[in-house]
Amino acid sequence: MTANELRQLFINFFIERGHKHIPSASLIPENDPSVLFTTAGMHPLVPYLLGERHPLGKRLVDCQKCLRTDDIDEVGNTTHLTFFEMLGNWSLGDYFKKESIGFSHEFLTKYLKIPQDKISVTCFAGDDDAPRDDEAADAWRELGYPDERIYFYPKKENWWGPAGQTGPCGPDTEIFYDTGAEKCGPDCQPSCSCGKYVEIWNNVFMQYSKDDKGKFTLLSQKNVDTGLGFERTLCVMNNVASVFDTELFVPIIKKIEELTGTKYAEPNVRAHRIIADHLRAATFVLGDDKGVSPSNTDQGYILRRLIRRAYRYLTQLGAPDRSMSVIARIVIENYKDIYPELERNQEFVIKQLDREEELFGRTLESGMKIATKELDFVQNGKLAAAKAFKLYDTYGFPLEFTQELAAERGITIDIDGFHRLYAEHQEKSRVGAQQKFKGGLADNSEETTKLHTAAHLLQAALRRVLGDSVFQKGSNITAERLRFDFSFDRRVEPDELAKVECIVNDAIALGIPVGCAEMSVQDAKAAGAIGIFDDKYGDNVKVYTIGDYSKEICGGPHAANTADLIRFKIKKEESIAAGVRRIKAVIGDAAK
Ligand code: SER
(Lines give C-alpha, C1' and ligand atoms only; values in the text may rest on other atoms or scores of the structure.)
Protein backbone atom coordinates (compact mmCIF):
# COMPACT_ATOMS: atom_id res chain seq x y z
CA MET A 1 0.00 0.00 0.00
CA THR A 2 1.39 3.42 -0.89
CA ALA A 3 1.43 6.38 1.48
CA ASN A 4 -1.13 8.16 -0.61
CA GLU A 5 -3.43 5.17 -0.75
CA LEU A 6 -3.38 4.95 3.04
CA ARG A 7 -4.18 8.66 3.50
CA GLN A 8 -7.00 8.46 1.00
CA LEU A 9 -8.44 5.22 2.35
CA PHE A 10 -8.65 6.68 5.84
CA ILE A 11 -10.14 9.98 4.79
CA ASN A 12 -12.71 8.37 2.48
CA PHE A 13 -13.69 5.82 5.11
CA PHE A 14 -14.69 8.62 7.45
CA ILE A 15 -16.20 10.82 4.76
CA GLU A 16 -18.49 7.91 3.93
CA ARG A 17 -19.46 7.87 7.58
CA GLY A 18 -20.55 11.49 7.67
CA HIS A 19 -17.22 13.24 8.40
CA LYS A 20 -15.98 16.39 6.69
CA HIS A 21 -12.36 16.55 5.59
CA ILE A 22 -10.36 19.45 7.09
CA PRO A 23 -6.86 20.32 5.84
CA SER A 24 -3.79 20.01 8.02
CA ALA A 25 -3.19 23.10 10.13
CA SER A 26 0.23 24.75 10.47
CA LEU A 27 2.90 23.08 12.58
CA ILE A 28 3.15 26.35 14.50
CA PRO A 29 0.02 26.65 16.63
CA GLU A 30 -2.03 29.77 16.38
CA ASN A 31 -3.06 31.59 19.54
CA ASP A 32 -2.06 28.66 21.69
CA PRO A 33 0.75 29.54 24.05
CA SER A 34 0.50 26.17 25.80
CA VAL A 35 2.66 24.36 23.23
CA LEU A 36 5.42 25.34 20.82
CA PHE A 37 4.35 23.04 18.02
CA THR A 38 1.25 21.23 16.92
CA THR A 39 1.88 17.93 18.70
CA ALA A 40 -1.42 16.31 17.77
CA GLY A 41 -4.42 16.84 15.56
CA MET A 42 -6.37 18.26 18.47
CA HIS A 43 -4.51 21.58 18.75
CA PRO A 44 -6.21 23.41 15.96
CA LEU A 45 -9.48 22.01 17.24
CA VAL A 46 -9.26 23.04 20.89
CA PRO A 47 -11.97 25.74 20.71
CA TYR A 48 -14.36 23.22 19.17
CA LEU A 49 -13.54 20.56 21.73
CA LEU A 50 -14.45 23.12 24.36
CA GLY A 51 -17.85 23.69 22.79
CA GLU A 52 -17.40 26.29 20.04
CA ARG A 53 -19.37 25.36 16.90
CA HIS A 54 -17.22 24.11 14.01
CA PRO A 55 -18.32 25.50 10.65
CA LEU A 56 -18.12 22.04 9.07
CA GLY A 57 -20.19 20.29 11.69
CA LYS A 58 -19.67 17.68 14.38
CA ARG A 59 -17.79 14.97 12.47
CA LEU A 60 -14.39 15.77 11.05
CA VAL A 61 -11.49 13.84 9.55
CA ASP A 62 -7.94 15.03 8.86
CA CYS A 63 -4.32 14.22 8.30
CA GLN A 64 -2.34 16.58 10.53
CA LYS A 65 1.37 17.45 10.49
CA CYS A 66 2.71 17.01 14.03
CA LEU A 67 6.00 17.51 15.82
CA ARG A 68 6.99 16.14 19.22
CA THR A 69 10.41 16.17 20.76
CA ASP A 70 9.68 14.48 24.07
CA ASP A 71 10.70 11.15 22.55
CA ILE A 72 13.73 12.52 20.74
CA ASP A 73 16.06 10.08 22.47
CA GLU A 74 14.05 7.15 21.12
CA VAL A 75 14.51 8.28 17.54
CA GLY A 76 16.74 5.70 15.92
CA ASN A 77 14.60 2.70 16.86
CA THR A 78 12.00 1.23 14.51
CA THR A 79 8.98 3.39 15.36
CA HIS A 80 9.84 6.76 16.92
CA LEU A 81 9.85 10.01 15.01
CA THR A 82 9.85 13.70 15.88
CA PHE A 83 7.82 14.85 12.88
CA PHE A 84 4.94 12.62 11.87
CA GLU A 85 1.54 12.71 10.27
CA MET A 86 -1.50 11.84 12.31
CA LEU A 87 -4.70 10.61 10.73
CA GLY A 88 -7.65 11.52 12.89
CA ASN A 89 -11.39 11.37 13.15
CA TRP A 90 -13.33 13.69 15.40
CA SER A 91 -16.65 13.78 17.08
CA LEU A 92 -17.48 17.16 18.53
CA GLY A 93 -20.29 16.26 20.87
CA ASP A 94 -21.65 13.69 18.43
CA TYR A 95 -20.84 9.94 18.65
CA PHE A 96 -18.89 8.59 21.59
CA LYS A 97 -17.00 5.50 22.75
CA LYS A 98 -18.95 2.65 21.22
CA GLU A 99 -19.18 4.14 17.72
CA SER A 100 -15.61 5.36 17.77
CA ILE A 101 -14.28 1.94 18.75
CA GLY A 102 -16.55 0.38 16.12
CA PHE A 103 -15.09 2.64 13.40
CA SER A 104 -11.52 1.82 14.40
CA HIS A 105 -12.19 -1.89 14.47
CA GLU A 106 -13.90 -1.81 11.08
CA PHE A 107 -11.19 0.26 9.45
CA LEU A 108 -8.33 -1.85 10.77
CA THR A 109 -9.81 -5.28 10.20
CA LYS A 110 -12.00 -4.76 7.10
CA TYR A 111 -10.20 -2.02 5.19
CA LEU A 112 -6.59 -2.54 6.21
CA LYS A 113 -7.29 -6.24 6.67
CA ILE A 114 -5.21 -6.56 9.80
CA PRO A 115 -6.11 -9.91 11.42
CA GLN A 116 -8.10 -9.22 14.57
CA ASP A 117 -5.91 -11.50 16.66
CA LYS A 118 -2.93 -9.25 15.93
CA ILE A 119 -4.69 -6.43 17.79
CA SER A 120 -4.54 -5.78 21.54
CA VAL A 121 -6.17 -2.83 23.26
CA THR A 122 -5.73 -0.90 26.48
CA CYS A 123 -8.27 1.04 28.57
CA PHE A 124 -8.12 3.44 31.50
CA ALA A 125 -7.99 1.69 34.90
CA GLY A 126 -9.63 4.52 36.86
CA ASP A 127 -8.48 6.74 39.74
CA ASP A 128 -9.70 9.61 41.93
CA ASP A 129 -10.24 11.87 38.94
CA ALA A 130 -12.25 9.53 36.73
CA PRO A 131 -13.72 6.00 36.92
CA ARG A 132 -12.43 2.85 35.22
CA ASP A 133 -13.42 2.87 31.58
CA ASP A 134 -15.64 -0.19 31.39
CA GLU A 135 -17.71 1.45 28.70
CA ALA A 136 -14.73 1.30 26.32
CA ALA A 137 -13.74 -2.21 27.40
CA ASP A 138 -17.30 -3.47 26.88
CA ALA A 139 -17.32 -2.03 23.38
CA TRP A 140 -14.18 -4.05 22.59
CA ARG A 141 -15.62 -7.21 24.17
CA GLU A 142 -18.76 -6.92 22.09
CA LEU A 143 -16.63 -6.84 18.97
CA GLY A 144 -15.07 -10.13 20.00
CA TYR A 145 -11.83 -9.03 21.71
CA PRO A 146 -11.05 -11.49 24.52
CA ASP A 147 -10.21 -10.23 28.02
CA GLU A 148 -6.60 -11.43 27.59
CA ARG A 149 -6.11 -8.77 24.96
CA ILE A 150 -7.85 -5.95 26.85
CA TYR A 151 -5.45 -4.34 29.32
CA PHE A 152 -6.20 -1.71 31.96
CA TYR A 153 -3.58 0.91 32.79
CA PRO A 154 -3.46 4.03 34.95
CA LYS A 155 -3.29 7.68 33.82
CA LYS A 156 0.31 7.45 32.81
CA GLU A 157 -0.62 5.10 29.98
CA ASN A 158 -4.29 5.59 29.28
CA TRP A 159 -5.12 9.22 29.68
CA TRP A 160 -4.48 11.79 27.03
CA GLY A 161 -3.85 15.47 27.46
CA PRO A 162 -4.08 18.19 28.05
CA ALA A 163 -1.47 18.90 25.44
CA GLY A 164 -0.05 21.81 27.45
CA GLN A 165 -0.71 22.49 31.13
CA THR A 166 -4.42 23.05 30.78
CA GLY A 167 -7.29 22.17 28.45
CA PRO A 168 -9.35 19.27 27.16
CA CYS A 169 -8.33 15.74 28.10
CA GLY A 170 -9.77 12.38 29.00
CA PRO A 171 -9.35 8.62 29.21
CA ASP A 172 -8.25 6.88 26.05
CA THR A 173 -8.20 3.45 24.54
CA GLU A 174 -5.06 2.58 22.64
CA ILE A 175 -4.78 0.04 19.87
CA PHE A 176 -1.61 -2.01 19.52
CA TYR A 177 -0.38 -4.12 16.65
CA ASP A 178 1.40 -7.29 17.63
CA THR A 179 4.48 -7.61 15.43
CA GLY A 180 4.69 -11.30 16.14
CA ALA A 181 8.06 -10.96 17.84
CA GLU A 182 8.78 -13.17 20.85
CA LYS A 183 7.64 -11.81 24.20
CA CYS A 184 10.64 -10.24 25.91
CA GLY A 185 9.62 -11.90 29.20
CA PRO A 186 6.61 -13.28 31.06
CA ASP A 187 5.32 -9.75 31.73
CA CYS A 188 5.60 -8.55 28.16
CA GLN A 189 2.43 -6.64 27.26
CA PRO A 190 1.42 -3.53 25.28
CA SER A 191 2.92 -1.14 27.86
CA CYS A 192 6.30 -2.80 27.37
CA SER A 193 8.76 -0.93 25.20
CA CYS A 194 10.54 -3.97 23.76
CA GLY A 195 8.95 -3.42 20.36
CA LYS A 196 6.70 -6.48 20.18
CA TYR A 197 3.60 -4.28 20.51
CA VAL A 198 3.40 -1.11 18.44
CA GLU A 199 0.83 1.52 19.33
CA ILE A 200 -0.90 2.51 16.13
CA TRP A 201 -4.12 4.25 17.13
CA ASN A 202 -5.30 6.20 20.09
CA ASN A 203 -8.95 7.02 20.67
CA VAL A 204 -9.31 9.75 23.26
CA PHE A 205 -12.61 10.34 24.93
CA MET A 206 -12.30 13.98 25.73
CA GLN A 207 -14.82 14.63 28.37
CA TYR A 208 -12.74 16.58 30.89
CA SER A 209 -10.94 19.88 31.07
CA LYS A 210 -7.98 20.38 33.37
CA ASP A 211 -7.50 23.85 34.87
CA ASP A 212 -4.32 25.58 36.02
CA LYS A 213 -4.87 24.30 39.57
CA GLY A 214 -4.84 20.70 38.32
CA LYS A 215 -8.59 20.22 38.73
CA PHE A 216 -10.57 18.10 36.25
CA THR A 217 -14.09 19.17 35.39
CA LEU A 218 -16.51 17.49 33.01
CA LEU A 219 -16.92 19.23 29.69
CA SER A 220 -20.43 20.06 28.63
CA GLN A 221 -19.77 18.23 25.38
CA LYS A 222 -18.34 14.72 25.01
CA ASN A 223 -15.79 14.54 22.21
CA VAL A 224 -13.79 11.90 20.45
CA ASP A 225 -10.27 12.68 19.26
CA THR A 226 -8.46 9.86 17.57
CA GLY A 227 -4.94 9.69 16.21
CA LEU A 228 -3.73 6.93 13.90
CA GLY A 229 0.04 7.02 13.47
CA PHE A 230 0.48 7.35 9.75
CA GLU A 231 4.10 6.22 9.39
CA ARG A 232 3.68 3.31 11.78
CA THR A 233 0.56 2.06 10.03
CA LEU A 234 2.25 2.35 6.66
CA CYS A 235 5.07 0.25 8.06
CA VAL A 236 2.62 -2.43 9.23
CA MET A 237 0.78 -2.42 5.90
CA ASN A 238 3.96 -2.95 3.93
CA ASN A 239 5.42 -5.40 6.35
CA VAL A 240 8.75 -3.57 6.54
CA ALA A 241 11.15 -3.56 9.46
CA SER A 242 10.77 0.06 10.53
CA VAL A 243 9.13 3.36 9.63
CA PHE A 244 12.42 4.27 7.96
CA ASP A 245 11.92 1.46 5.46
CA THR A 246 8.72 2.98 4.09
CA GLU A 247 8.59 5.05 0.90
CA LEU A 248 8.51 8.16 3.11
CA PHE A 249 12.13 7.63 4.11
CA VAL A 250 13.75 5.37 1.55
CA PRO A 251 14.77 8.20 -0.83
CA ILE A 252 16.08 10.28 2.09
CA ILE A 253 18.17 7.43 3.42
CA LYS A 254 19.47 6.68 -0.07
CA LYS A 255 20.69 10.25 -0.29
CA ILE A 256 22.34 9.98 3.13
CA GLU A 257 24.12 6.82 1.94
CA GLU A 258 25.28 8.61 -1.16
CA LEU A 259 26.47 11.74 0.65
CA THR A 260 28.26 9.97 3.45
CA GLY A 261 29.49 7.00 1.45
CA THR A 262 28.21 4.77 4.26
CA LYS A 263 25.59 2.02 4.08
CA TYR A 264 22.29 2.08 5.93
CA ALA A 265 23.43 -0.96 7.90
CA GLU A 266 25.06 -1.54 11.26
CA PRO A 267 26.81 0.30 12.83
CA ASN A 268 25.26 3.26 11.01
CA VAL A 269 21.55 2.52 11.29
CA ARG A 270 20.82 4.78 14.24
CA ALA A 271 22.79 7.70 12.81
CA HIS A 272 21.08 7.43 9.41
CA ARG A 273 17.69 7.33 11.08
CA ILE A 274 18.41 10.34 13.28
CA ILE A 275 19.65 12.37 10.33
CA ALA A 276 16.63 11.40 8.24
CA ASP A 277 14.13 12.08 11.00
CA HIS A 278 15.61 15.38 12.16
CA LEU A 279 16.06 16.84 8.70
CA ARG A 280 12.59 15.79 7.62
CA ALA A 281 11.27 17.53 10.74
CA ALA A 282 13.43 20.63 10.18
CA THR A 283 12.30 20.84 6.56
CA PHE A 284 8.66 20.77 7.63
CA VAL A 285 9.20 23.43 10.30
CA LEU A 286 11.14 25.73 7.98
CA GLY A 287 8.83 24.95 5.08
CA ASP A 288 5.67 25.77 7.01
CA ASP A 289 3.95 28.94 5.86
CA LYS A 290 4.54 30.21 9.36
CA GLY A 291 8.08 28.89 9.18
CA VAL A 292 10.49 29.95 11.89
CA SER A 293 14.26 30.33 11.74
CA PRO A 294 16.74 28.64 14.03
CA SER A 295 17.25 30.74 17.15
CA ASN A 296 17.77 30.42 20.86
CA THR A 297 14.22 30.68 21.97
CA ASP A 298 11.01 28.75 21.63
CA GLN A 299 10.35 27.04 18.30
CA GLY A 300 13.59 28.35 16.88
CA TYR A 301 15.55 26.63 19.63
CA ILE A 302 13.95 23.23 19.04
CA LEU A 303 14.56 23.66 15.34
CA ARG A 304 18.18 24.56 16.00
CA ARG A 305 18.63 21.46 18.14
CA LEU A 306 17.22 19.21 15.43
CA ILE A 307 19.42 20.74 12.75
CA ARG A 308 22.57 20.72 14.83
CA ARG A 309 22.08 17.14 15.93
CA ALA A 310 21.58 16.03 12.32
CA TYR A 311 24.63 18.02 11.32
CA ARG A 312 26.78 16.36 13.91
CA TYR A 313 25.85 12.87 12.73
CA LEU A 314 26.35 13.85 9.11
CA THR A 315 29.78 15.23 9.87
CA GLN A 316 30.69 12.13 11.80
CA LEU A 317 29.79 9.99 8.82
CA GLY A 318 31.90 12.16 6.56
CA ALA A 319 29.23 14.05 4.61
CA PRO A 320 30.46 17.09 2.67
CA ASP A 321 29.37 20.69 3.37
CA ARG A 322 25.83 21.63 2.47
CA SER A 323 24.58 18.07 2.76
CA MET A 324 21.67 19.16 4.92
CA SER A 325 20.13 21.29 2.22
CA VAL A 326 20.66 18.53 -0.33
CA ILE A 327 18.67 16.18 1.89
CA ALA A 328 15.99 18.83 2.45
CA ARG A 329 15.47 18.99 -1.31
CA ILE A 330 14.69 15.28 -1.32
CA VAL A 331 12.19 15.73 1.51
CA ILE A 332 10.50 18.54 -0.40
CA GLU A 333 10.39 16.50 -3.60
CA ASN A 334 8.87 13.59 -1.70
CA TYR A 335 6.11 15.58 -0.04
CA LYS A 336 5.38 18.57 -2.23
CA ASP A 337 2.20 17.15 -3.74
CA ILE A 338 0.60 16.63 -0.36
CA TYR A 339 2.15 19.69 1.33
CA PRO A 340 2.62 22.32 -1.39
CA GLU A 341 3.86 24.85 1.17
CA LEU A 342 7.18 22.99 1.18
CA GLU A 343 7.80 23.89 -2.44
CA ARG A 344 6.55 27.42 -1.93
CA ASN A 345 9.07 27.92 0.85
CA GLN A 346 11.88 25.87 -0.64
CA GLU A 347 14.29 28.76 -0.99
CA PHE A 348 13.87 29.76 2.64
CA VAL A 349 14.40 26.16 3.80
CA ILE A 350 17.64 25.80 1.86
CA LYS A 351 19.02 29.15 2.87
CA GLN A 352 18.32 28.67 6.54
CA LEU A 353 19.87 25.21 6.61
CA ASP A 354 23.03 26.42 4.89
CA ARG A 355 23.29 29.40 7.20
CA GLU A 356 22.82 27.34 10.32
CA GLU A 357 25.41 24.88 9.10
CA GLU A 358 27.93 27.65 8.72
CA LEU A 359 27.22 29.16 12.12
CA PHE A 360 27.34 25.86 13.89
CA GLY A 361 30.33 24.55 12.02
CA ARG A 362 32.42 27.30 13.55
CA THR A 363 31.31 26.76 17.14
CA LEU A 364 31.52 23.04 16.82
CA GLU A 365 34.96 22.80 15.38
CA SER A 366 36.62 24.58 18.25
CA GLY A 367 34.32 23.06 20.88
CA MET A 368 34.85 19.53 19.63
CA LYS A 369 38.63 19.84 19.81
CA ILE A 370 38.56 21.13 23.33
CA ALA A 371 35.96 18.61 24.48
CA THR A 372 37.93 15.72 23.02
CA LYS A 373 41.05 16.91 24.75
CA GLU A 374 39.24 17.17 28.08
CA LEU A 375 37.79 13.68 27.66
CA ASP A 376 41.20 12.25 26.78
CA PHE A 377 42.44 13.45 30.13
CA VAL A 378 39.68 11.81 32.13
CA GLN A 379 41.18 9.26 34.49
CA ASN A 380 38.41 7.64 36.48
CA GLY A 381 35.64 7.42 33.89
CA LYS A 382 34.01 10.63 35.12
CA LEU A 383 34.07 14.11 33.65
CA ALA A 384 33.87 16.70 36.40
CA ALA A 385 30.90 19.04 36.32
CA ALA A 386 33.20 22.06 36.20
CA LYS A 387 34.83 20.81 32.99
CA ALA A 388 31.52 20.09 31.30
CA PHE A 389 30.28 23.48 32.39
CA LYS A 390 33.33 25.23 31.06
CA LEU A 391 32.81 23.62 27.67
CA TYR A 392 29.29 24.94 27.69
CA ASP A 393 29.96 28.27 29.32
CA THR A 394 33.18 29.39 27.71
CA TYR A 395 33.11 27.56 24.39
CA GLY A 396 29.38 27.41 23.68
CA PHE A 397 29.63 23.64 23.19
CA PRO A 398 26.20 22.11 23.86
CA LEU A 399 25.96 19.80 26.87
CA GLU A 400 24.23 17.08 24.89
CA PHE A 401 27.22 16.97 22.56
CA THR A 402 29.63 16.59 25.44
CA GLN A 403 27.33 13.85 26.73
CA GLU A 404 27.36 11.99 23.46
CA LEU A 405 31.12 12.25 23.07
CA ALA A 406 31.54 11.07 26.66
CA ALA A 407 29.13 8.17 26.20
CA GLU A 408 31.08 7.00 23.16
CA ARG A 409 34.09 6.67 25.44
CA GLY A 410 32.17 5.12 28.32
CA ILE A 411 32.67 8.29 30.38
CA THR A 412 29.93 9.64 32.62
CA ILE A 413 29.30 13.30 33.40
CA ASP A 414 28.21 14.77 36.70
CA ILE A 415 24.98 16.18 35.29
CA ASP A 416 23.57 17.28 38.64
CA GLY A 417 26.76 19.19 39.26
CA PHE A 418 26.46 20.75 35.84
CA HIS A 419 22.94 21.93 36.56
CA ARG A 420 24.05 23.33 39.91
CA LEU A 421 26.78 25.36 38.22
CA TYR A 422 24.35 26.50 35.59
CA ALA A 423 21.92 27.71 38.25
CA GLU A 424 24.75 29.49 40.10
CA HIS A 425 25.81 31.16 36.90
CA GLN A 426 22.27 32.36 36.25
CA GLU A 427 22.03 33.66 39.77
CA LYS A 428 25.35 35.46 39.48
CA SER A 429 24.37 37.21 36.32
CA ARG A 430 21.03 38.11 37.84
CA VAL A 431 22.69 39.59 40.93
CA GLY A 432 25.32 41.14 38.73
CA ALA A 433 22.67 42.80 36.68
CA GLN A 434 21.26 44.42 39.77
CA GLN A 435 24.46 45.74 41.26
CA LYS A 436 26.28 48.86 40.41
CA PHE A 437 29.79 48.31 39.19
CA LYS A 438 32.68 50.66 39.06
CA GLY A 439 33.15 49.67 35.45
CA GLY A 440 31.22 52.68 34.31
CA LEU A 441 27.67 51.58 33.85
CA ALA A 442 25.65 54.04 35.84
CA ASP A 443 22.42 52.27 35.29
CA ASN A 444 22.46 48.52 35.58
CA SER A 445 19.02 47.74 34.36
CA GLU A 446 18.67 44.58 32.34
CA GLU A 447 18.61 46.61 29.14
CA THR A 448 21.85 48.43 29.79
CA THR A 449 23.48 45.19 30.84
CA LYS A 450 22.60 43.66 27.50
CA LEU A 451 23.78 46.75 25.65
CA HIS A 452 27.05 46.43 27.48
CA THR A 453 27.48 42.94 26.09
CA ALA A 454 26.54 44.32 22.68
CA ALA A 455 29.38 46.83 23.04
CA HIS A 456 31.89 44.00 23.49
CA LEU A 457 30.55 42.22 20.45
CA LEU A 458 30.57 45.44 18.46
CA GLN A 459 34.19 46.12 19.28
CA ALA A 460 35.14 42.57 18.35
CA ALA A 461 33.23 42.78 15.08
CA LEU A 462 34.77 46.15 14.18
CA ARG A 463 38.21 44.72 14.74
CA ARG A 464 37.41 41.75 12.52
CA VAL A 465 36.15 43.93 9.71
CA LEU A 466 38.38 47.00 10.00
CA GLY A 467 41.49 45.53 11.56
CA ASP A 468 43.34 45.68 14.86
CA SER A 469 43.78 49.44 14.76
CA VAL A 470 40.25 49.74 16.09
CA PHE A 471 40.11 50.38 19.83
CA GLN A 472 37.40 51.57 22.11
CA LYS A 473 37.73 55.22 22.99
CA GLY A 474 34.66 55.46 25.11
CA SER A 475 31.12 54.32 25.44
CA ASN A 476 27.84 55.60 26.73
CA ILE A 477 24.88 53.40 27.36
CA THR A 478 21.32 54.34 28.21
CA ALA A 479 18.42 51.94 28.48
CA GLU A 480 17.55 52.73 24.86
CA ARG A 481 20.79 52.62 22.96
CA LEU A 482 24.48 52.12 22.89
CA ARG A 483 26.98 54.75 21.84
CA PHE A 484 30.41 53.48 21.07
CA ASP A 485 33.45 55.59 20.16
CA PHE A 486 36.50 54.02 18.58
CA SER A 487 39.74 54.83 16.85
CA PHE A 488 39.59 54.72 13.06
CA ASP A 489 40.68 57.26 10.51
CA ARG A 490 38.10 57.12 7.77
CA ARG A 491 34.38 56.73 7.19
CA VAL A 492 33.17 53.19 7.68
CA GLU A 493 31.52 52.13 4.43
CA PRO A 494 27.93 50.83 4.43
CA ASP A 495 28.98 47.34 3.35
CA GLU A 496 31.50 47.26 6.19
CA LEU A 497 28.83 48.32 8.64
CA ALA A 498 26.57 45.59 7.28
CA LYS A 499 29.34 43.04 7.87
CA VAL A 500 29.81 44.27 11.42
CA GLU A 501 26.09 43.99 12.10
CA CYS A 502 26.09 40.55 10.63
CA ILE A 503 28.94 39.32 12.83
CA VAL A 504 27.24 40.62 15.96
CA ASN A 505 23.94 39.06 14.93
CA ASP A 506 25.65 35.75 14.24
CA ALA A 507 27.09 35.78 17.74
CA ILE A 508 23.62 36.52 19.09
CA ALA A 509 22.10 33.77 17.00
CA LEU A 510 24.64 31.31 18.31
CA GLY A 511 23.46 31.87 21.86
CA ILE A 512 26.92 31.99 23.37
CA PRO A 513 27.13 32.07 27.15
CA VAL A 514 29.09 35.07 28.41
CA GLY A 515 31.92 33.69 30.54
CA CYS A 516 33.80 35.55 33.25
CA ALA A 517 37.08 34.76 34.98
CA GLU A 518 39.26 36.68 37.42
CA MET A 519 42.98 36.89 36.79
CA SER A 520 45.96 39.22 37.02
CA VAL A 521 46.35 41.97 34.43
CA GLN A 522 49.41 40.18 33.03
CA ASP A 523 47.59 36.90 32.67
CA ALA A 524 44.70 38.66 31.02
CA LYS A 525 47.00 40.26 28.50
CA ALA A 526 48.78 36.99 27.93
CA ALA A 527 45.42 35.36 27.24
CA GLY A 528 44.88 37.91 24.51
CA ALA A 529 42.28 39.99 26.31
CA ILE A 530 41.84 43.57 25.20
CA GLY A 531 40.92 46.43 27.49
CA ILE A 532 41.51 50.12 27.60
CA PHE A 533 40.86 51.05 31.18
CA ASP A 534 43.86 49.34 32.72
CA ASP A 535 44.42 52.08 35.25
CA LYS A 536 40.96 51.75 36.72
CA TYR A 537 41.54 48.23 37.93
CA GLY A 538 43.51 46.70 40.73
CA ASP A 539 45.83 43.76 40.23
CA ASN A 540 43.08 41.31 39.57
CA VAL A 541 40.77 41.96 36.69
CA LYS A 542 37.70 40.28 35.36
CA VAL A 543 37.93 38.98 31.85
CA TYR A 544 34.72 38.47 29.97
CA THR A 545 34.82 35.93 27.17
CA ILE A 546 32.19 35.50 24.48
CA GLY A 547 33.03 32.27 22.66
CA ASP A 548 35.83 32.96 20.22
CA TYR A 549 34.35 36.35 19.40
CA SER A 550 35.55 38.48 22.24
CA LYS A 551 37.82 38.51 25.28
CA GLU A 552 37.85 41.76 27.14
CA ILE A 553 38.91 43.11 30.51
CA CYS A 554 35.85 44.66 32.02
CA GLY A 555 34.01 45.25 35.27
CA GLY A 556 30.71 43.96 33.99
CA PRO A 557 27.93 43.28 34.43
CA HIS A 558 26.94 41.38 31.32
CA ALA A 559 24.08 39.42 29.90
CA ALA A 560 24.29 35.72 30.74
CA ASN A 561 24.05 34.73 27.11
CA THR A 562 24.32 36.57 23.80
CA ALA A 563 20.88 35.23 22.93
CA ASP A 564 19.42 37.70 25.45
CA LEU A 565 20.27 40.51 23.05
CA ILE A 566 17.81 39.14 20.47
CA ARG A 567 19.10 41.32 17.61
CA PHE A 568 21.55 44.13 16.93
CA LYS A 569 21.25 47.08 14.61
CA ILE A 570 23.54 50.01 13.82
CA LYS A 571 21.57 53.25 13.61
CA LYS A 572 24.31 55.73 12.82
CA GLU A 573 28.02 56.08 12.08
CA GLU A 574 29.77 59.45 12.24
CA SER A 575 33.02 61.22 12.97
CA ILE A 576 33.43 62.96 16.31
CA ALA A 577 37.10 63.89 16.18
CA ALA A 578 40.11 63.28 14.00
CA GLY A 579 40.62 59.55 13.91
CA VAL A 580 37.65 58.84 16.17
CA ARG A 581 34.35 57.49 14.94
CA ARG A 582 31.07 57.02 16.76
CA ILE A 583 28.47 54.32 16.27
CA LYS A 584 24.99 54.34 17.73
CA ALA A 585 23.25 51.01 17.92
CA VAL A 586 20.20 49.35 19.39
CA ILE A 587 19.25 45.80 20.34
CA GLY A 588 16.13 43.74 20.97
CA ASP A 589 12.81 44.79 19.46
CA ALA A 590 14.21 48.17 18.48
CA ALA A 591 16.65 46.35 16.18
CA LYS A 592 14.06 44.27 14.32
N1 SER B 1 -4.59 13.34 20.87
C2 SER B 1 -4.33 11.95 20.80
C3 SER B 1 -2.88 11.65 20.53
O4 SER B 1 -2.14 12.53 20.24
C5 SER B 1 -5.17 11.31 19.73
O6 SER B 1 -5.20 12.08 18.59
O7 SER B 1 -2.48 10.53 20.64
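No experiment lies behind these values; they were computed from the predicted model shown. Both ligands and their constituent atoms are indexed starting at 1 by order of listing. Count residues from 1 along the sequence.
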Do the ring planes of F83 and F284 sit parallel (below 30°), tilted (30 to 60°) or perpendicular (above 60°)?
parallel
Does the structure place the NZ or CZ of K155 under 6.0 Å from the centre of the six-membered ring of F216, at an angle of no more than 45° from the ring's axis?
yes
For D94, run the salt bridge (Lys or Arg N to Asp or Glu O under 4.0 Å) check against K58, R59, K20 and tell me which one passes.
R59
Select one of side chain, backbone, both or neither to describe which atoms of R68 lie under 4.0 Å from any atom of ligand 1, heavy atoms only.
side chain
Taking only heavy atoms of V204 into account, list the atoms of ligand 1 that are under 4.0 Å away from them.
2 (C), 5 (C)
Which bit of T226 is near ligand 1, meaning a heavy atom under 4.0 Å away: side chain, backbone, both or neither?
backbone
Heavy-atom proximity to atom 5 (C) of ligand 1, picking from V224, N89, D225, points to D225
For N202, the ligand 1 atoms whose distance to one of its heavy atoms is below 4.0 Å
2 (C), 3 (C), 5 (C), 7 (O)
Apply ring pair (Phe, Tyr, Trp, His ring centres under 6.0 Å) to the pair F84 and F230, showing each step before the final yes or no.
CA-CA 7 Å; F84 59 97; F230 176 63; over 10 Å; no
Any idea which atoms of ligand 1 are less than 4.0 Å away from a heavy-atom of M86?
3 (C), 4 (O), 6 (O)
Result for ring pair (Phe, Tyr, Trp, His ring centres under 6.0 Å) between F10 and one of Y111, F103, W201 points to W201
Option whose closest heavy atom lies nearest to atom 3 (C) of ligand 1, chosen from W160, W90, W201:
W160
Contacting atoms of ligand 1, where contact means under 4.0 angstrom from a heavy atom of G227:
5 (C), 6 (O)
Please check if the side chain of E174 supplies one atom and the backbone of T122 the other of a donor-acceptor pair under 3.5 Å.
no
Less than 4.0 Å is my threshold; does some heavy atom of Q64 fall inside it relative to ligand 1?
no
Is NZ or CZ of R17 both nearer than 6.0 Å to the six-membered ring centre of F13 and within 45° of the ring axis?
yes
